[in-house]
Structure formats: C-alpha cells, structure tokens
Amino acid sequence: MMDKRYDAKAAEAKWYQTWEKNGFFHDDPDGREPYSVVIPPPNVTGILHMGHALNQTIQDILVRWRRMQGRNTLWLPGTDHAGIATQNVVEKALKKEGKRRQDLGREKFLERVWEWKRQYGGTIVHQQRMLGNSTDWQRERFTFDEGCSKAVAKVFTQLYDEGLVYKGNYIVNWCPRCGTALANDEVEHEENHGHLWYVRYPVVGSEKGAAGEPYKDYIMVATTRPETLPGDTAVAVNPKDERYAHLVGKTVILPLTGREIPVISDDYVEKEFGTGIVKITPAHDPNDFLVGKRHGLAEINIMTDDGHMNELAGAKYAGMDRFKCREALVADLEAEGYLDHIEDYDNQVGHCYRCHEVVESRLSKQWFVKMKPLAEPAIAAVRSGEVRFVPERWSKIYFNWMENIQDWCISRQLWWGHRIPAYYFGDGEVVVAETPELALEKAKAIDPNVMAADLQQDPDVLDTWFSSWLWPFSTLGWPEKTADLDYYYPTTDLVTAQDIIFFWVARMMMAGIHFMGKPPFRNIVIHGIVRDAQGRKMSKSLGNSLDPLELIDAYSADALRFSIALITSLDCDSKVSKEKFEIGRNFCTKIWNAARFMEMQSENAAALPAGEPYGNLTSDEKHILWACDKACRKVNEILESYRVQDGALAVYDFFWTEICDWYVEYVKDSPNKSVSLAILRDVFWKALRLLHPYMPFVTEEVAHQLGYLGEGETIMRSEFPRGYTDDEKAAWGLSQETYDFVNAKRAAVTAIRALRAEYKVPPSAFVKVTVATDDPKAETEAESLKKAMRAESVAFVPAGSDLAMPSKITDFGTVYLSLEGLVDKAAESKRIAGELAKLAGFIKSSEAKLANENFVAHAPEAVVAEARRKLAENKEKVAQLEKLAKLFA
RNA sequence: GGGCUAUUAGCUCAGUUGGUUAGAGCGCUUCCUUGACAUGGAAGAGGUCAGUGGUCCGAAUCCACUAUAGCCCACCA
C-alpha cells in the first residue's frame, strides 16, 4: 500500500544513492550516438545558489531526456580551483589566527589550501547531489588536478612556442587588496559620486603672484585622481585646440614637486571635457600609458602593490594610503594656492570582482596571450553555423566582443594556481617547458653548464580561466589520446548563463579550435539570471537570495526542479519568490495521489497486454490515447529546441487536465473498467516517463510502487515515450475527429455544470438533462454524460427543438437543464440577450471578413473554411437563441 | 558614447514561421470535506496585447518613431 503522503525526503535520498551506486549515471564509449555535456564547474569555495539550481536543472532535464532516448550520455561534473576566491577564503581563516600567508611561506600556505579543499571543497559537490543531477561522478574533475594541470602546462608551452604567449611591461588592473593583476573582465565598473579637482600648473618662467596665487601664468588641469599627480610626466592638449596651441612645447611646473614637465598635444584629449587640458600619468592610467608611449614619456610608479604611496610620491606622502594621500594632497594644493575649485562629478570606477576593492591601474611585467589569431577561427565557427547560440541573438554579443578582443593578461601574483612554467637562469635567459626536467634540457641547449638548481621558476600563477578554457577536453584526458576524448569530444551542448560568455564560453571556443581542431560544443544554450521578486539580482549583501537547499527541504528537489523549469525562459531573466515553488510541490502531490488512485483500482485492472489492440474503445478512451500520443510527440519536439519551459507546461497540462481532471473521472464510472484501467496504466506510465527528466525522484518512486519497474530497474534508463505508431492508432480507431468529438462532449458537460451553478442546484442533486442534436453518435454517450453531469436522465431530441428551460449551445448540441418550475424567466431572458449580443459581434466580424475578396483569395483554405463554418454555426446559434428568447419573454 | 532586450489579466509570465472569439499559474468571487488528492474539485470575474504611424486581405506577432524599464560593452581625465 502506498502511504497517504509522499515522503519526498526519504525517496530522494534513497533513489539518488541507488542510481549512483548502480552506475546509472555512467556510460562507456560504444557504438551509440553520444550526447555529452560538461558542467560549468562551480568554484570549489562555492555553495549552491539559485543560479546553479537553474543552470543544472536545465542540463539535467536535457541529459536525462537524451539518455532515455537511448543516447550514450555523459554529463561531466567538477569544480574550479578558483584562484583568487579560494586564496582569499584561506587567507581569511589565517587572519583569525593572526597570520598572513607570508608568515607561512609559499609551500606551507599551499598545504593549508589543499587541506581546506579536502575539508570543505566537497560542499557544493554534495549539494549538487541533492538537486538530483545525473552527473557521472566517476569522471568528476578539478581544474587543479593532475590531468588538468598537465594540460595547462602543455597549452602554455605550446602557445609560447607559437609566439602567442608573451611577457610584457604593461599597465594592468591591479587589486591592491588581493595583490594581483586582474584581467579586464575581472574588473566591475560601478557608478561613483566623486569630484573633479581643478588644479593650476604654473608655466615655467612666469612670475610669482600675490599670496594665494603663487604664479600669475598658469594652465588649469581637471582631474578625478589628484593623488596621482606626483606621477605626472606631462600635460596634454588636443592638437586642434586653438586655445592652447601656443602652449604646446612649453614647460610647466608640477605643483608641490617643483618638477618641470612638458606640454604635449595628443588626439586622445577631448577639447570639451574639463578645461581641455589633461595631466598625463603614464604609470597609473591606461590611456596615459598609451599617450606616454607615443611621446616617449617617463613612467613614474608612485604606488606600492598594496595601494600605498611610495617614496617617488614624495617624502611627505610615502607610506600613505592612496585615498588618505588624495585628501592630504588636495589639502596641500589648496594651502599652496594651486587648487582652483572643485566640482561634483560622477564617473565609473573599477572594482575587483572578488573582493570589491577599488582597482588601481598599475605598470608591471605580466604574461599575456595574443588573442586575435585565436579569435578569428572562433568567430568563423559561429558564423558558419558549425556552432550555434540558443537563443540565436547571443551570437551578436559574441561577435561584438570577439571582434574587439584585447590581449589577455594571464599572470596573477597569487600562490594558489597553476605556476607559470617559465624558468629563468643566467643573465635573464628564460625557457618555457612543461616540466622542470624538460626546462633543464632546453636550458642546457642554451648553456650546457646550467644545473637544475640554477633554474628559477616564475613565481606567478595563471589566471583561473586559463584552466577553465580547456575544460571540455582537459577533462576527457587531453593531451593523452583517450577513448573518452575520441568519443565524447566535441561535446553536444553547453548550458550556461549570459554572464560568463566572455570569461568562459568564448575562450573555450578558442582553445577548443586551437588545440583540438574542432569547436568544443555544437550548441551554446544561454539562459537568464535568477532575480528576486523585485527583479533585483540575488546577492548575499541584499539578503534577497533564496537558498535552493532550504527550498528542497521545504518542498523537495522535484518541486524545486519543476518550478524552476516552469518559470524559466531562455529569453529573459526569471523573477522568483518562495511561493512559486508551491506549483512544483502541488504537482508532486497530485502525481502521488493519482498513483494512489491507480493502486486502489488495481484489482479491477485485468491483465491486458500493452500494445495489443484493446478492441472496441469508448470515445473517452480513444481521447486519452490520442492526447497521450500528442503529448509525447510535443515534448520531444519542444526539448529538441531546448524549450524546457514549454515542455514542462505540456506535460503538466497533459497530466493534470487530461489524465486527472477528465480521464480518471471517467474511469471511476467506466462501463468496461478493466479496459479503461489498462489504458490508464499505459498512459500513466508514459506520463511518468515524460515527467522523469523534470521530476526524477517522484517518478521513479511511483514507477516502482505501481509495479512498472522491478527490483534493480530504473525509470532513468527506460525508453522516453515517442507516441503511438500509426498501426496502433489505426487499430484503436483513434482520430482527430474522435478527439474533437470528446472535446465537444466535455463542453456540454461544462455547460450543464455552469447552469447548475447559476441556478444553485445543490451538488448532491440529480438533474434531468435534454440534449438537442442530430449527431447519431451523441446517444452512445448517454451513460458517460449522465455520470459527468450528475444527471438522473439524459434525453435526446432533434436539433432545433426548443424547450422553455435554461440551455447552453455547445459544439455537441444544445443542452437543456430541466428545472421544473424553478426557471427564473427574467434571468434567463437576460442571459440569452447577453449571448445574442456577443454572437452578433462575432457574426459581424466574420461576415466582414468573408465579404473581403482578398481574404478569401489570400488566406489559407483551412482558415477560410473555418471562418465559414464558424459563421454558419453562430448564425444557427442565433436562430436557436431567438426562439428560446420568445419562450422566456 | 555604442550595443542588446523587454513592455500582454491585480502579480509572474506563455503566445513556434502574421490567420477562428489572446492563454497558464498565483491572487480574487461563489459553491463543494464519508469520494486518489482542500498541497484538492466545480463554476466565474478580470486584457482596446505601452503609445503613434506604416506594410498587409488580415498585426500581440513584421517595420519606423515615441515613452518607460532593464542589461551588457566602452579609456572622456
């Protein structure tokens, strides 16, 4: 006996264990068509959030569906070592002990990180199991495991040998808190309410003025960053700016320092902005850096790597925090009469995407990847359609970025990450090799006397994304030639949110094509971001996050998954609130109760072999089989185009409306119960399998409870329903016509129920019903109509008959509710008048349409025919209603 | 500054190549507890599809402009 209530927690724990233990998530390469997906690896420091839940639910739906279709399926899980994020977490822990990473030293610190990973790194991996992910845990990978690390070293070396990796002294984004360089896209720009300081730079040779105005002749410079002033090596004007043409070539005095700097002209300067004169600080601004290169200016670095001023900023400011220095320096400028005035000014300021510290532009030696040569074939692969974005519009954004791609700064001044395989020796010689041994070989080729101990490995590590961009093939064994790599690469689908198209998707495209010769996936499926009910991004600081684990606890994983699928649109972001997950929970309950009904009825179900013709079927039986066939085809078709939401709707409607609301109600009073139940069993089993990708646990549990599956079997490897064959449909006498006939019958039932409600007939009361119709089939439905309408009797009279009783006109015929003296003539007359008015409107519009020659000539035949039919039908309805109206007048 | 997207019922959203009288869930109204299920059932109310103009026999759907909202990219100090 099934329990009255479904115990989701017990079922979910039990089935996940069973699936994993029996290896149901695992396939080995074979002769079948593969379907492979790699999971976007979450940070090893991460905890499961709604974004993961959305992303992974979509993937698991696709994966389970394909697996049930018989494809050899791989969904590869894993985590990302997340350089900065993880290092920050461990450093924070150290801080509590009053230590810094420098106190431990590199090796000890890395031991601590690995220790941390062993202890806490499994959190998210455990949480993913709660979702029901059918990921192949036997193939779980980590971006910092041995295999991935080999791949990283190999890739770096190869790119270096090809001249695509180079080291250069460039201005980079620098996070003073993390103490490392950041790539451009690791910087988040935020609106900042700041100021524009107007500072006077005296022209050399001008006379000293009165107090408060030290020099008579000066030029005025506007800046948002006064603290960088000690690093200025020029001021610049636009070459076309006539106001300042006379100044170019002259020299001005840098306030507070007394240093003399030239006035130069450069197109970069906007005449309209500020005063039209810019201070140039090549070591602390990316634009100024380029201007400096063009004009051969000195680069003066005035800051330390932790955001303090150094001695080059001047003795007074050395050691000062950069923002403290700004205040101090502005105060000094004012005191000395250099500050003209201050304006409020809003601009965008870059922040570290990890710790949110204000990013500093800073000159330093870093490693870069030349991206243009890698980007070109990656652009071509999408242009040619070899790789497809779903929805397609994301390709535009991809092209836009790829066509304006900048070189990628890949070195990070961290300890946690893949160490750069570059080795220095002798007098600035460098070799790059996959291992220290190979490096030594290369070094010996340059200088035979070099010993292993002479080689100094580059202290920096690589950007985390430098391992993630290899994920689709490094996880399959590359650079080894493995069977997995051969079979599962390229992967089929990549499912991810829009926010990592640049970080990750675009770079995987480049690496895949460059190292494997083929793009890493065929379809890139981009879904929206989960937002709160107000449309805000979910974040810890706002406290508006929903915790998927809490939702699973409250409603079950199936409920979470189904609700997410139902509210997800690939085209836009989804707003969610806790109540939305009740939909899934309620659906779960509905499935459970429908299953209980079947169990209770099971003794009535004769053992009819599935697939055999059932003999003479009633119209309701044909109807459910036809609806089931439609649902199966529809769901397959929908999932083929990744419309996970539409699939959920289709199966929800089929299960709830068709099976539960109508067919189960029919079965209760069916004249030949054993056949009706056998059909229900068949249809129910198909419905369970259609639902399984969305709600894996409850479907598995019910499938076993109802005996569809035996010990050791699983729904996740049973066949995904494709609908009935033409032979079956013919044998059972299914047709669109029968289907429509039953829909009409339902309309008649609904009409009587509405009349009962209007006339307040108690639900317990039996009524007399008369149906006016000429359809000879109608009479065969008398029994089922009686039950559904709760009628004492159903009589049939010819169409066009009119009785002085409340009635509604339906596709089935006109249904009359016999009330024997209870008829409210006035109310009925009013209702009829209302209906007539409505019909008059319809008739008018369809007459106008049919009178239009162009409509008849251009519209598809079916549409015109339908319009004609509808018009005739409405006219008939009007005639009938007018007769009735007289009776109630 | 450049690019993208959205605007449909009180709320959240569907609406597949333009084609009958625009749908769902939640919420709301009325009624219904010995019935598989009140986490349920039945019947309802509720929309000039943001606005204006255009193309077309026909527009929620295609085009243009306007309004509003949001996102992404970008070096205006």
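Take A/Asp669 and apply the salt bridge (Lys or Arg N to Asp or Glu O under 4.0 Å) test, not counting sequence neighbours, and it matches no residue. Residues that satisfy the salt bridge (Lys or Arg N to Asp or Glu O under 4.0 Å) test with A/Lys838, not counting sequence neighbours, are absent from this structure. With sequence neighbours left out, A/Asp740 forms a side chain to side chain donor-acceptor pair (under 3.5 Å) with A/Gln736.
Contact check on A/Lys668 versus A/Glu665 returns a salt bridge, with a Lys/Arg side-chain nitrogen under 4.0 Å from an Asp/Glu carboxylate oxygen.
Residue contacts for A/Asp661: at a heavy-atom cut-off of 4.0 Å it reaches the sugar-phosphate backbone alone, with no base atom in range.
Aromatic rings from A/Trp592 and A/Tyr6 are positioned such that their centres are separated by under 6.0 Å.
The phosphate of B/C32 (OP1 or OP2) has no side-chain N or O of A/Ser764 nearer than 4.0 angstrom. Residue A/Lys668 places at least one side-chain N or O under 4.0 Å from the OP1 or OP2 atom of B/A36. Distances shown here put every side-chain N or O of A/Trp662 at or beyond 4.0 Å from the OP1 or OP2 atom of B/A42.
Nearest nucleotide to the side chain of A/Tyr268, out of B/C57, B/C75, B/U20: B/C75. When distances are taken from the side chain of A/Gln498 to each of B/A36, B/C57, B/C71, the shortest belongs to B/C71. With B/A77, B/C75, B/C37 as the candidates, the nucleotide lying closest to the side chain of A/Thr224 is B/A77.
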Donor-acceptor contacts under 3.5 Å from residues 752-763 of chain A side chains, at least two apart:
| unit_1 | atom_1 | unit_2 | atom_2 | d |
| --- | --- | --- | --- | --- |
| A/Arg756 | NH1 | A/Ala765 | O | 3.4 |
| A/Arg756 | NH1 | A/Met789 | O | 3.1 |
| A/Arg756 | NH1 | A/Arg790 | O | 3.0 |
| A/Arg756 | NH2 | A/Pro762 | O | 3.1 |
| A/Arg756 | NH2 | A/Pro763 | O | 3.4 |
| A/Arg756 | NH2 | A/Ala765 | O | 2.6 |
| A/Glu758 | OE1 | A/Arg831 | NE | 3.4 |
| A/Tyr759 | OH | A/Glu828 | OE1 | 2.4 |

For residues 851-863 of chain A, which side-chain N or O atoms pair as donor and acceptor with protein atoms under 3.5 Å away, sequence neighbours left out?
| unit_1 | atom_1 | unit_2 | atom_2 | d |
| --- | --- | --- | --- | --- |
| A/Asn852 | OD1 | A/Asn854 | N | 2.8 |
| A/Asn852 | OD1 | A/Phe855 | N | 3.4 |

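Using a 4.5 Å heavy-atom threshold, the side chains of A/Met220 and A/Ile277 count as separate.
Sorted by first and then second residue, the side chain to side chain donor-acceptor pair (under 3.5 Å) pairs with a member in residues 866-875 of chain A read A/Glu847-A/Lys875, A/Glu866-A/Arg869, A/Arg869-A/Glu873; sequence neighbours excluded. Within the structure, the side chain to side chain donor-acceptor pair (under 3.5 Å) test picks out the following pairs touching residues 222-233 of chain A (sequence neighbours left out): A/Tyr201-A/Asp232, A/Arg225-A/Glu227, A/Arg225-A/Glu360, A/Glu227-A/Arg326, A/Thr228-A/Lys279, A/Asp232-A/Lys279, A/Asp232-A/Thr281.
Residues of residues 639-652 of chain A having a heavy atom closer than 4.0 Å to RNA chain B, listed by number: A/Arg643, A/Gln645, A/Asp646. Less than 4.0 Å separates RNA chain B from at least one heavy atom of each of the following residues of residues 584-591 of chain A: A/Arg585, A/Asn586, A/Thr589, A/Lys590. In the region residues 229-237 of chain A, proximity to RNA chain B at under 4.0 angstrom, judged on heavy atoms, holds for none of the residues.
When each of A/Phe587, A/Tyr694, A/Phe562 is checked for a ring pair (Phe, Tyr, Trp, His ring centres under 6.0 Å) with A/Phe655, only A/Phe587 meets the rule.
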Strictly under 3.5 Å: I want the nitrogen or oxygen pairs between protein and nucleotides 7-12 of chain B, one per line.
| unit_1 | atom_1 | unit_2 | atom_2 | d |
| --- | --- | --- | --- | --- |
| B/U12 | O2' | A/Lys580 | NZ | 2.3 |

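Taking the C1' atoms as reference points, B/G15 lies 14 Å from B/G19, given to the whole Å. A gap of 32 Å separates the P atoms of B/C37 and B/G23, to the nearest Å.
Scanning RNA chain B for stems, defined as runs of 3 or more consecutive Watson-Crick or G-U wobble pairs whose donor-acceptor distances all fall under 3.5 Å, gives the following ranges: B:1-7 with B:67-73, B:10-13 with B:23-26, B:28-32 with B:40-44, B:50-54 with B:62-66.
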